[in-house]
Amino acid sequence: MQKITIAIDGYSSTGKSTLAKRLAKALDYVYVDTGAMYRAVTLFALDQGLIGEKEDIPSLIAQLPTIDLKFVANKALGKSEMFMNGKNVEREIRTMYVSKYVSKVAAIEEVRHMLVKLQQEMGNKEKGIVMDGRDIGTVVFPNAELKFFMTASPNTRATRRYKELLDKGEQVSFEEVLENVQKRDFIDSTRDVSPLRKADDAIEFDNSDMGLDEQFERVHNYTLRVITERE
Ligand code: DC
């Protein structure tokens, strides 16, 4: 079967990565979590004191070439993990501390430039890719053969994210998570450089009232149909 590029975009905590991971596994495709890349750059900026209480965006931009990002397969866990400058940062990049600043970093043109280029290289090297993010169907792979756009109500999304953070042992309140989800959506969709928006040819999926299995079955069946029709 001919391999294609699948773009999954959408709002924060709509279950994009869960779906994309499962779809990639079922199709034997490569999964790329582009949010992890923006999160890793944000962690770098926080570690260096370039974002947060004090801010020095010009220095962050100057230091971008020193940031080495790699996805490394963890066979035992059956997933890829984000490494930044040789260090496994998979756990740290998912914390609220990073979530608070990531949209700000993701709005910097030079950061987007660097990461979009890396993502395009990954996609061009590897046909048979499922990539999730905010601008995959619009900017990174505007010619992707298949595009999905995920949405769900802010309450549903914050509830999912809150449970995830509690499971990881983070001390957060539901209100704090809801506020973060809404704030990120606002910044992500109103920034000047490649704002979050649905590509004209993307299929919109509201999964507010859909379980993970139902959602996966629908997307998987649709994908198989598209791939078969292309043969
Ligand atoms: O998917 P995520 O929640 O891990 O993404 C974290 C942030 O990164 C999100 O708030 C916006 C930004 N992002 C982006 O601007 N473009 C992408 N392709 C992926 C993520």
Side-chain angles (χ1 to χ4, degrees), residues 5-21 24 31-46 51 60 64 67 69 71 79-82 84 89-123 129-142 144 147-152 154 156-158 160-165 168 170 172 176-199 202 207:
T5 298
I6 303 174
I8 303 186
D9 289 303
Y11 294 99
S12 304
S13 308
T14 41
K16 296 184 298 298
S17 59
T18 308
L19 176 71
K21 232 178 274 172
Y31 164 59
V32 179
D33 171 2
T34 63
M37 301 167 84
Y38 288 94
R39 287 173 178 274
V41 174
T42 306
L43 181 64
F44 174 89
L46 285 164
I51 197 116
L60 171 59
L64 286 177
I67 310 178
L69 299 178
F71 287 104
K79 63 172 198 166
S80 279
E81 294 180 316
M82 172 52 72
M84 182 185 65
V89 291
E90 186 58 32
R91 200 193 53 78
E92 258 179 292
I93 59 170
R94 313 280 170 194
T95 56
M96 266 301 272
Y97 176 54
V98 169
S99 294
K100 271 192 185 142
Y101 297 101
V102 65
S103 285
K104 202 163 191 181
V105 172
I108 302 169
E109 189 170 5
E110 290 79 356
V111 170
R112 300 207 71 80
H113 211 258
M114 170 174 118
L115 297 187
V116 166
K117 193 163 165 265
L118 262 175
Q119 291 152 14
Q120 288 172 334
E121 282 167 10
M122 288 175 183
I129 198 159
V130 184
M131 195 174 273
D132 81 343
R134 304 293 189 289
D135 59 343
I136 311 305
T138 51
V139 175
V140 182
F141 293 118
K147 302 176 185 178
F148 294 104
F149 190 83
M150 316 285 295
T151 65
T156 307
R157 296 187 282 126
R160 290 177 187 157
R161 187 101 189 98
Y162 177 59
K163 280 194 191 135
E164 240 174 66
L165 289 166
K168 286 182 186 164
E170 274 214 54
V172 284
E176 196 184 346
V177 176
L178 179 63
E179 193 194 323
N180 176 259
V181 162
Q182 289 175 313
K183 202 166 166 188
R184 281 203 286 142
D185 286 348
F186 178 75
I187 303 176
D188 295 343
S189 2
T190 55
R191 67 182 173 221
D192 290 337
V193 208
S194 45
L196 165 67
R197 67 168 184 86
K198 178 183 160 302
N207 63 15

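Computed from a predicted model, the values in this text were never measured in an experiment. Counting starts at 1 for both ligands and their atoms, following the listed order.
The distance criterion of under 3.5 Å between nitrogen or oxygen atoms is met by D135 with respect to ligand 1. Annotation: R94 places no N or O atom under 3.5 Å from an N or O atom of ligand 1; distance criterion only. Of the polar atoms of Q119, none of the N or O atoms is found under 3.5 Å from an N or O of ligand 1, judged by distance alone.
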Would you sort out whether E164 and R161 count as a salt bridge (Lys or Arg N to Asp or Glu O under 4.0 Å), showing the intermediate values? CA-CA 5 Å; E164 240 174 66; R161 187 101 189 98; 2.7 Å; yes
Verdict with supporting geometry, R157 and T151, side chain to side chain donor-acceptor pair (under 3.5 Å): CA-CA 9 Å; R157 296 187 282 126; T151 65; over 6 Å; no
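What sits closest to atom 16 (N) of ligand 1 on the protein, heavy atoms only, is R112 NH2, 3.0 Å. The protein heavy-atom contact nearest to atom 12 (C) of ligand 1 is A106 CB, 3.7 Å. Here the protein heavy atom with the shortest distance to atom 4 (O) of ligand 1 is R39 NE, 2.7 Å. Here the protein heavy atom with the shortest distance to atom 11 (C) of ligand 1 is D188 OD2, 3.2 Å. Among all non-hydrogen protein atoms, the one lying nearest atom 1 (O) of ligand 1 is R134 NH1, 2.9 Å. Looking only at heavy atoms of the protein, atom 19 (C) of ligand 1 is closest to T34 OG1, 3.3 Å. Among protein heavy atoms, atom 3 (O) of ligand 1 sits closest to R184 NH1, 3.0 Å.
No side-chain donor-acceptor contact under 3.5 Å links T14 and R160. Checked by atom type, the side-chain pair S99/R94 shows no donor-acceptor distance below 3.5 Å.
Checked by atom type and distance alone, the side chain of R197 never pairs as donor or acceptor with a backbone atom of S189 at under 3.5 Å. Without hydrogens or angle criteria, D9 side chain to I136 main chain gives a donor-acceptor distance under 3.5 Å. For K147 (side chain) and T138 (main-chain N/O), no donor-acceptor pair under 3.5 Å exists by modelled atom type.
Here CG of L43 is found 5.0 Å from CD of E92. Values are rounded to the nearest 0.5 Å.
When heavy-atom distances to ligand 1 are checked against a 4.0 Å cut-off, R191 comes that close only through its side chain, counted from C-beta outward.
Heavy-atom proximity to G133, at under 4.0 Å, picks out these atoms of ligand 1: 17 (C), 18 (N), 19 (C). Within ligand 1, the atoms closer than 4.0 Å to a non-hydrogen atom of S103 are 10 (O), numbered from 1 in the order shown.
Aromatic ring centres of Y11 and F186: separated by at least 6.0 Å.
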